[in-house]
Amino acid sequence: MWILKFVFIILLANSLRLEAAGFRRYSFVVKESSYKKLCETKNILTVNGKFPGPTIEVHKGETIVVDVYNKGKYNISIHWHGVKQPRNPWTDGPEYITQCPIKPGNKFSQKVIFSDEVGTLWWHAHSDWSRATVHGAIIIYPMPGTSYPFPKPQADVPIIIGEWWKEDILKVLDEFVGSGGQPKDSDAYTINGKPGNLYPCSKRDTFKLKVKQGNTYLLRIINAALNEIHFFGVAKHNLTVVGVDASYTKPLTRDYIVISPGQTMDCLLQANQEPGSYYMAATAYVNGIGISFDNTTTTAILKYKRYFGQSTPTSLPTFPSYNDTSAATNFSFSLRSLNSRLYPISVPSKITKRIISTVSVNVFPCLKYQTCEGPNGTRLAASMNNISFVNPSIDILEAYFYQVNGVFGKSFPSFPPLVFNYTADVIPLELEIPTKGTQVKVIEFNSVMEVVFQGTNQVAGLDHPMHLHGFSFYVVGWGFGNFDEAKDPLDYNLIDPQRRSTIIVPKNGWVAIRFKADNPGVWFLHCHYERHLTWGMETVFIVNSGKLRTERVIPPPPDMPPC
């Protein structure tokens with residue numbers, strides 16, 4: 001008994017110490033819960049039994065601690081998407097990059113350090129495909145005593161777009177990896193965990209938002225889907241974008257938005273229509289040839305208070321065609337940073353280093369013992385600069401920090417090793433086969449980096465949502481075709497480019513981003529389509545620690561999960 005009292009005293013003292021340091025605590029219990037959707041019941045992995053999981057609410061510059069208890073059957077890791085975590089990559093979350101996963105029955109206390117982020121971000125599992133159901137919103141309010149750069153809305157409403165499979169998601173993953181082909185399409189999309197009344201058995205499984213005429217609502221929209229970019233809109237209402245990826249933007253008013261997996265958007269919605277019921281909806285944007293996808297529509301209902309008429313809306317929002325690249329890119333690259341006197345930005349005008357990297361879907365030849373459902377009997381793969389990434393046996397951060405040899409190489413190229421017409425209609429087969437490896441790029445502290453993502457038409461040309469951990473970056477340029485290192489930088493926007501942590505690289509096009517490497521550590525760069533991440537479209541940036549204590553990675557926490 002005295003041992004339990006001693007343990008309780010120690011835990012209480014630790015909790016009081018953290019509270020005294022200004023850290024609030026959240027408890028995340030990862031466990032299986034039973035959910036019924038689309039007429040069928042199955043167990044899914046959840047946090048605290050909720051799907052989506054709990055919302056984290058903080059103020060700008062706050063630090064919190066999230067105690068993650070793994071009471072599920074599989075390894076798990078949690079990532080705080082878009083949170084820079086200055087000098088603290090240890091609790092960033094991607095398995096085998098900055099940590100080994102949390103094993104069943106174990107716990108890991110993750111410190112989450114917010115800095116200049118303000119707006120909407122999200123958290124999700126970063127192991128296997130568990131993020132299909134293990135995810136939730138992060139709301140970052142302005143610092144106390146400050147306000148938004150727009151009229152304060154009457155309410156905040158998280159809107160989380162997701163995907164739902166009738167089968168167990170890890171079974172879907174195993175079948176996908178085993179086949180060598182494309183993954184099984186989802187059976188439904190969801191809004192806040194609910195498919196909406198266009199799907200079977202889902203009339204009651206529809207998210208409803210009640211609004212008061214004349215009020216303004218801040219929709220905090222998150223795309224938590226695994227494999228699809230989405231159009232989203234509200235019938236007969238406009239959306240005004242005022243923030244993306246926790247950075248303020250110049251107001252942009254449209255009747256729909258385009259949002260990729262990993263991205264967030266803060267949108268003002270004015271309840272200025274005749275009282276009634278109106279559909280909110282999301283449907284896929286897919287422009288790749290021969291790419292299968294879930295061609296359905298998820299709905300929610302916006303209903304005005306004191307309206308007593310028909311509860312089911314009669315019309316959906318009007319969206320472009322599912323493959324309308326012009327509409328999607330026009331929206332995505334019309335966004336601009338606010339860059340006002342009170343909310344300035346600092347775009348680097350001169351760079352230290354430019355990295356040009358192809359982002360490609362590839363193939364591997366079929367071996368005798370393999371199932372090969374890719375094109376012409378091959379196995380599908382993906383790469384950056386022709387390297388298909390292979391996860392190591394221990395995490396890269398640990399190997400870097402403790403100088404463990406043989407875990408990763410430092411030979412990720414700064415330029416595509418194979419130079420050809422990346423966006424040609426026909427590309428020779430020998431150019432479609434990548435190499436396998438665990439190669440990283442070492443970057444000097446405080447250097448100014450420009451990374452150009454070059455899309456290719458290898459195997460299947462399509463968009464790629466690229467996400468960088470540890471940094472927000474400025475999207476200074478984009479275009480279709482092959483990037484021209486001499487001409488294209490002349491048209492960069494260095495005045496008010498959008499600031500993001502995830503950006504869509506358009507099909508057969510390119511995007512240029514800039515950031516200052518002022519966050520020492522190991523940081524993951526990858527496509528946020530889970531199928532492409534599984535195939536190897538990823539690499540790692542190691543930002544060398546400086547000489548001063550304030551420029552070094554902080555020491556690891558004592559309860560780091562072992563490999």
Side-chain angles (χ1 to χ4, degrees), residues 182-183 185 223 225-232 256-263 282-295 319-335 356-363 374-375 380-386 388 416 418 420-428 431-432 434 451-467 475-484 488 491 498 500 502-513 525-538:
Q182 297 185 57
D185 296 328
N223 190 340
L226 265 62
N227 290 314
E228 308 299 354
I229 300 170
H230 282 87
F231 293 112
F232 173 86
Y256 63 85
I257 66 168
V258 179
I259 185 167
S260 81
Q263 290 185 330
T283 191
Y285 159 63
V286 180
N287 63 0
I289 297 174
I291 304 296
S292 66
F293 68 100
D294 177 359
N295 192 16
F319 295 131
S321 171
Y322 74 89
N323 61 353
D324 192 333
T325 297
S326 177
T329 53
N330 176 276
F331 172 84
S332 295
F333 295 105
S334 292
L335 294 161
I356 302 176
S357 176
T358 53
V359 285
S360 307
V361 174
N362 305 93
V363 294
L380 286 166
S383 70
M384 292 183 64
N385 268 351
N386 209 47
S388 187
L418 302 174
F420 56 97
N421 182 359
Y422 308 112
T423 57
D425 291 334
V426 179
I427 296 176
L431 296 176
E432 298 181 349
V451 180
V452 179
F453 300 111
Q454 173 66 63
T456 79
N457 206 24
Q458 291 176 301
V459 182
L462 70 165
D463 300 86
H464 301 288
M466 301 303 295
H467 171 50
V475 183
V476 295
W478 75 282
F480 291 110
N482 301 319
F483 175 72
D484 188 320
D488 286 326
D491 294 325
Q498 58 182 300
R500 309 211 66 137
T502 306
I503 189 62
I504 302 172
V505 179
K507 175 184 175 181
N508 285 343
W510 57 270
V511 168
I513 67 171
L525 172 62
H526 63 91
C527 182
H528 223 273
Y529 283 151
E530 284 295 325
R531 63 182 185 270
H532 294 175
L533 178 60
T534 301
W535 284 336
M537 192 181 292
E538 59 215 81

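Residues: numbered from 1 along the sequence shown.
In this structure, Ala460 and Ile291 approach most closely via the heavy-atom pair CB-CD1, 3.8 Å. Nearest heavy atoms, Cys527 versus His532: SG-ND1, 3.6 Å. Closest approach of Gln454 to Gly509, counting heavy atoms only: NE2-O, 3.6 Å. Taking each heavy atom of Pro375 and Val459 in turn, the nearest pair found is CG-CG1, 3.9 Å. The two residues Trp535 and Ala381 come nearest to each other via the heavy atoms CB-C, 3.5 Å. Here the shortest heavy-atom pairing between Phe231 and Ser321 reads CE1-O, 3.7 Å.
Among Ile503, Ile504, Ile257, Ile229, the single residue meeting the side-chain contact (heavy atoms from CB on, under 4.5 Å) criterion with Ser332 is Ile504.
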Criterion side chain to side chain contact (heavy atoms under 4.5 Å, CB included) on Val363 and Leu380, from CA distance to verdict: CA-CA 4 Å; Val363 294; Leu380 286 166; 4.1 Å; yes
Verdict with supporting geometry, Val361 and His464, side chain to side chain contact (heavy atoms under 4.5 Å, CB included): CA-CA 10 Å; Val361 174; His464 301 288; 4.2 Å; yes
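Looking only at side-chain heavy atoms (C-beta outward), Arg500 and Gln263 come within less than 4.5 Å of each other. Between Phe232 and Asn223 there is no side-chain heavy-atom pair separated by less than 4.5 Å. Annotation: side chain of Pro506 is in contact with side chain of Val511 (closest heavy-atom distance under 4.5 Å). In this structure, the side chains of Phe293 and Tyr322 come closer than 4.5 Å at one or more pairs of heavy atoms.
In this structure, the separation between OG1 on Thr423 and CZ on Phe483 is 14.0 Å, given to the nearest 0.5 Å. Remark: Phe420 CZ to Gln458 CD distance equals 4.0 Å, nearest 0.5 Å. Atom CG of Leu533 and atom CD of Glu538 lie 4.5 Å apart (nearest 0.5 Å). Atom CG of Asp185 and atom CG of Asn227 lie 8.5 Å apart (nearest 0.5 Å). Put simply, NE2 on His526 and NE2 on His467 are 5.0 Å apart, with the number rounded to the nearest 0.5 Å. The OG1 atom of Thr358 lies 11.0 Å from the CG atom of Leu431; values are rounded to the nearest 0.5 Å.
Shown here are the side chain to side chain contact (heavy atoms under 4.5 Å, CB included) partners of Asn287, two or more places apart in sequence or in another chain: Tyr285, Asn323, Thr325, Leu462, Asp463, Lys507.
Counting only residues at least two apart or in different chains, salt bridge (Lys or Arg N to Asp or Glu O under 4.0 Å) contacts with residues 321-330 are absent.
Using the six-membered ring where Trp is involved, Tyr256 and Phe319 have ring planes that are perpendicular, over 60° apart on the 30 and 60° scheme.
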